[in-house]
Amino acid sequence: MTLTQCPVDQTLTLLCDAMEANRLQHPRSRRLAGQLITMIEDVASGRAGAAHLPTVQRLADELAAFQADAAGMALGAEVRLALAANQEVFASHIETQNCAAGACDRLAPSPCQMACPAGIDIPTYVALIAEGRDAEAIETIRRDNPFPWVCGLVCTRPCEFMCVRGRIDQPVSIKTLKAFAAERALSLGHYVNPAQAPPKNRKVCVIGAGPGGMSAAYYLALNGYTVRVIEALPMAGGMMMVGIPRYRLPREVIDREVAMIEALGVEFRFNTCLGKDVGFAQLRAEGFEAFFLAIGAHASFKLNIPGENDYPQVIQAIDFLKRVALGDRHLPGQQVIIIGGGNVAIDAARTCLRLGCASVTMAYRRTLSEMPADVEEIEQAEEEGVQFAFLTVPVAVEGRDGHVTGLRCLKARMVAQAGSKRMAPVPIEGSEFVIRADAVISAIGQRIEKQTLAELKDLSWTRRDTIQVHTATMATDLPGVFAAGDAVTGPATVVEAIGGGKRAAAAIDRYLNGLPQPGMPPVPVRHHRAAWTEVPATTKMALKRQPMPLLNMDRRRTTFQQVELGLSENMVREEARRCLRCDICRRCGRCVEVCRDKMKVDALRLGYLDFDAPGPTDFRWTQEHCIACGACAANCPNDAMQTEDRKGERIIHLCGTVLSRQPLRYCDGCGEAIGTDRYIEFVRRRTHRIAPVLDGRIYCDQCARRKAVLDAHDVHSVD
Amino acid sequence: MALRKGQKVEVFRRSGDESWEPYMDKFIGRHGIITDPDTSINDPESLVEVSLDGMGTHRLPQDCLRVLDA
Ligand SMILES: Cc1cc2nc3c(=O)[nH]c(=O)nc-3n(C[C@H](O)[C@H](O)[C@H](O)COP(=O)(O)OP(=O)(O)OC[C@H]3O[C@@H](n4cnc5c(N)ncnc54)[C@H](O)[C@@H]3O)c2cc1C
Ligand code: SF4
Ligand code: SF4
């Protein structure tokens with residue numbers, strides 16, 4: 001191992017290569033090597049603790065001593081050697097969480113991948129989609145998230161907020177690309193499960209078939225565990241099925257992805273409520289060794305206003321949406337008021353319109369700009385005919401003869417709170433008014449149904465009434481009991497539940513194998529460095545984020561058909577080509593500095609490199625100003641900026657974006673490439689030495705010197 | 001705090017909230033973007049989802065966050 005390389009990274013590569021090449025034949029040596037990979041990945045990503053190194057040593061010793069597999073023994077011996085020779089480097093990775101060689105690039109995934117709560121290798125899958133390799137893109141996504149199609153339609157896309165392309169114009173449509181690839185791969189039959197580890201004959205029980213529970217089930221089943229999922233409802237999906245309405249997420253999408261999990265042998269027990277139909281004692285007696293709680297947040301907060309409990313037409317948004325999802329298509333009323341300003345409120349309002357309610361009004365105590373719902377969702381609701389009553393504070397539900405007749409409200413105004421910039425709505429005295437209504441739907445937040453878990457008396461809860469866990473592992477304070485999803489975070493998102501489920505599956509595996517747990521959440525893993533797609537700078541700038549085609553308005557008001565129709569294939573391939581490949585270019589800015597400060601050329605206009613204060617970016621600027629000296633490429637530590645001589649041209653490209661393409665000049669003496677006209681001119685102005693033009697011909701430095709000598713003695717010419 | 005999606009924030013101090021775990025000390029001084037505020041009631045008590053530059057996406061208590069571009 002050379003000093004410029006990192007022994008941790010090299011040991012990891014050694015192990016991964018052996019596994020990928022199927023060199024280890026015996027299940028035990030494969031298991032040991034797998035556990036070594038898990039441990040060394042922790043070291044390489046800065047999340048290992050004091051127990052990791054002794055464990056790595058023990059596993060390597062065991063592998064080296066296991067005589068039934070010669071390849072395993074050799075591998076174990078190599079790992080032991082690497083450990084012995086580089087003890088202090090391994091230790092410093094753990095203690096300082098720093099890779100001195102900068103080789104552990106698992107420590108530096110792209111900003112979008114870092115932002116994804118499930119840690120999907122986004123640049124890799126986007127690059128694969130740009131090349132039309134949809135099935136491989138799905139395979140990449142499913143390493144970290146078993147629901148690419150669902151997430152492609154409803155993810156809240158934190159990745160797009162961090163997308164570096166957003167500093168130039170708009171973020172890459174990371175979410176939508178995923179949906180396209182999943183749909184295409186499924187329709188062609190190319191959406192397949194990865195290979196499963198041999199059965200371990202150890203049982204894990206998952207409570208709740210939402211995204212959190214099913215993700216844990218998926219990764220545990222892949223790892224060879226026997227998994228049973230207990231679900232109170234008659235179908236899988238959790239809030240994806242009974243919360244998110246069908247016009248945003250068709251049922252088939254959930255069903256198809258759940259079927260892939262079922263195909264791994266995961267057993268689903270529907271209509272089975274933990275705490276009612278079955279208990280922990282019974283499950284433990286059946287041989288389950290670990291439990292994963294992913295029961296979501298299905299109870300609602302009350303409004304606590306007079307009249308709320310007096311009329312059957314006052315309902316909770318969560319219950320209403322669940323009823324509709326399960327097939328009840330009755331109108332809640334003709335004139336409906338929804339209380340709240342979040343995504344759930346918007347979903348309830350748009351569902352009411354589709355059921356045929358004559359008028360739907362959302363009452364929200366603050367203003368439009370403070371509405372927590374997504375801007376796109378608010379816009380779509382407004383287009384469909386939902387009305388908004390802002391600065392409206394409900395004070396009582398009014399009714400007669402057991403029927404709601406209206407909602408009594410006060411007008412509010414926003415007032416800065418003492419000692420802070422925070423504005424709060426303050427009701428205006430005497431401003432009472434009544435909004436006529438025959439149904440009121442409350443959507444002011446969800447909470448966890450704690451009584452379900454009453455049997456776990458020692459389970460710790462937070463003051464927010466969510467399950468207390470260590471977020472690095474999702475472990476509760478009870479041995480063998482893990483939890484994630486809304487039950488831990490409070491009402492959150494699908495992708496956070498998926499990330500939590502995946503993290504818990506890894507922690508359950510360690511728990512059942514007596515391996516040490518990490519001290520901090522995982523850093524996402526880069527799966528490989530996909531080849532980049534070559535795109536001219538003008539195209540890279542000209543490609544704008546593709547707008548989403550929508551269903552026509554009449555259908556949107558009357559049916560539950562999917563509103564967002566998805567991008568066409570052409571749009572998808574073009575959108576994918578907008579990606580800047582931030583997994584390769586790490587935005588260190590060295591190329592810009594060298595070009596501007598050392599070469600004094602300033603041909604790189606890459607303002608997007610800065611997170612805090614991005615400046616203007618124009619990839620086309622380089623073609624106008626670049627001298628093609630290659631100093632940027634020579635100084636790029638990541639091979640992101642490259643220079644290449646091809647077919648008589650010198651090309652400078654940044655992760656495939658062709659910044660400059662200029663004809664090359666060749667020495668008229670020896671035929672060697674000298675550089676471009678601009679480069680020759682640049683050098684000539686500074687040195688008057690290299691590549692002079694003599695007799696209208698051009699020579700490289702060496703030939704020019706030879707010619708000068710020959711001319712001086714007037715012997716004969718170079719050619 | 002009524003944080004909004006897309007707002008730039010800084011983790012400017014340690015939170016006294018029970019949800020603050022020791023590894024989060026590394027986040028102090030980091031900048032990021034609010035990716036999922038409390039989506040129902042703008043409760044100043046609720047945890048908000050923040051994506052921190054180079055540090056990943058986390059749910060953090062609001063008292064450790066300061067808006068940068070407000
Ligand atoms: C209306 C609405 C719209 C939403 N829109 C979006 C969106 O667009 N994008 C997004 O990312 N997120 C959205 N969310 C949030 C998202 O759906 C949740 O964050 C996510 O589903 C949480 O996953 P989970 O696995 O923790 O729990 P859930 O999905 O809630 O699943 C929990 C499961 O556990 C079952 N269960 C509960 N108690 C028991 C018990 N005792 N025994 C057996 N089973 C039990 C439940 O029946 C349920 O199936 C939305 C939520 C709602 C309500
Ligand atoms: S440009 Fe591409 S790699 Fe960079 S953050 Fe956006 S999607 Fe990720
Ligand atoms: S191209 Fe290379 S030198 Fe330039 S910012 Fe990217 S990583 Fe740094």
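Chain A is the first sequence line, chain B the second, and so forth, proteins listed ahead of strands; every chain is numbered from 1.
- For A/R463, the parts lying near chain B are the backbone and the side chain together; criterion is any non-hydrogen pair under 4.5 Å.
- Of all the listed residues (A/S369, A/G490, A/A472, A/G166), the one sharing the greatest number of non-hydrogen pairs under 4.5 Å with chain B is A/S369.
- With a 4.5 angstrom heavy-atom cutoff, A/A345 does not touch chain B via any of its atoms.
- Scanning both residues, B/I34 and A/F161, for their nearest heavy atoms gives O-CD2, 4.4 Å.
- Closest approach of B/E18 to A/Q468, counting heavy atoms only: OE1-OE1, 4.2 Å.
- For A/R157, the CZ atom counts as densely surrounded, since its 6.0 Å shell holds more than 12 non-hydrogen atoms of other residues, nucleotides or ligands.
- Residues A/F611 and B/K8 meet the side-chain proximity criterion, which asks for heavy atoms closer than 4.5 Å.
- Between the CG atom in B/D53 and the CE atom in A/M162 there is a gap of 5.0 Å [rounded to 0.5 Å].
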Exercise. How far apart are the C-alpha atoms of A/E496 and B/T57, what are their side-chain angles, what is the distance that settles it, and do they pass the side chain to side chain contact (heavy atoms under 4.5 Å, CB included) test?
Worked result: CA-CA 9 Å; A/E496 278 178 274; B/T57 298; 5.8 Å; no

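- The shortest side-chain heavy-atom distance between A/T471 and B/R59 does not fall under the 4.5 Å cut-off.
- Of the two parts of A/V469, only the backbone, made up of N, CA, C and O, holds a non-hydrogen atom closer than 4.5 Å to a non-hydrogen atom of chain B.
- Atoms OG1 and CG, from A/T489 and B/D36 in turn, are 9.0 Å apart once rounded to the nearest 0.5 Å.
- When each of A/P158, A/P111, A/G519, A/G499 is scored by its heavy-atom pairs under 4.5 Å with chain B, the top score falls to A/P158.
- Heavy-atom distances place the backbone of A/C116, and not its side chain, under 4.5 Å from chain B.
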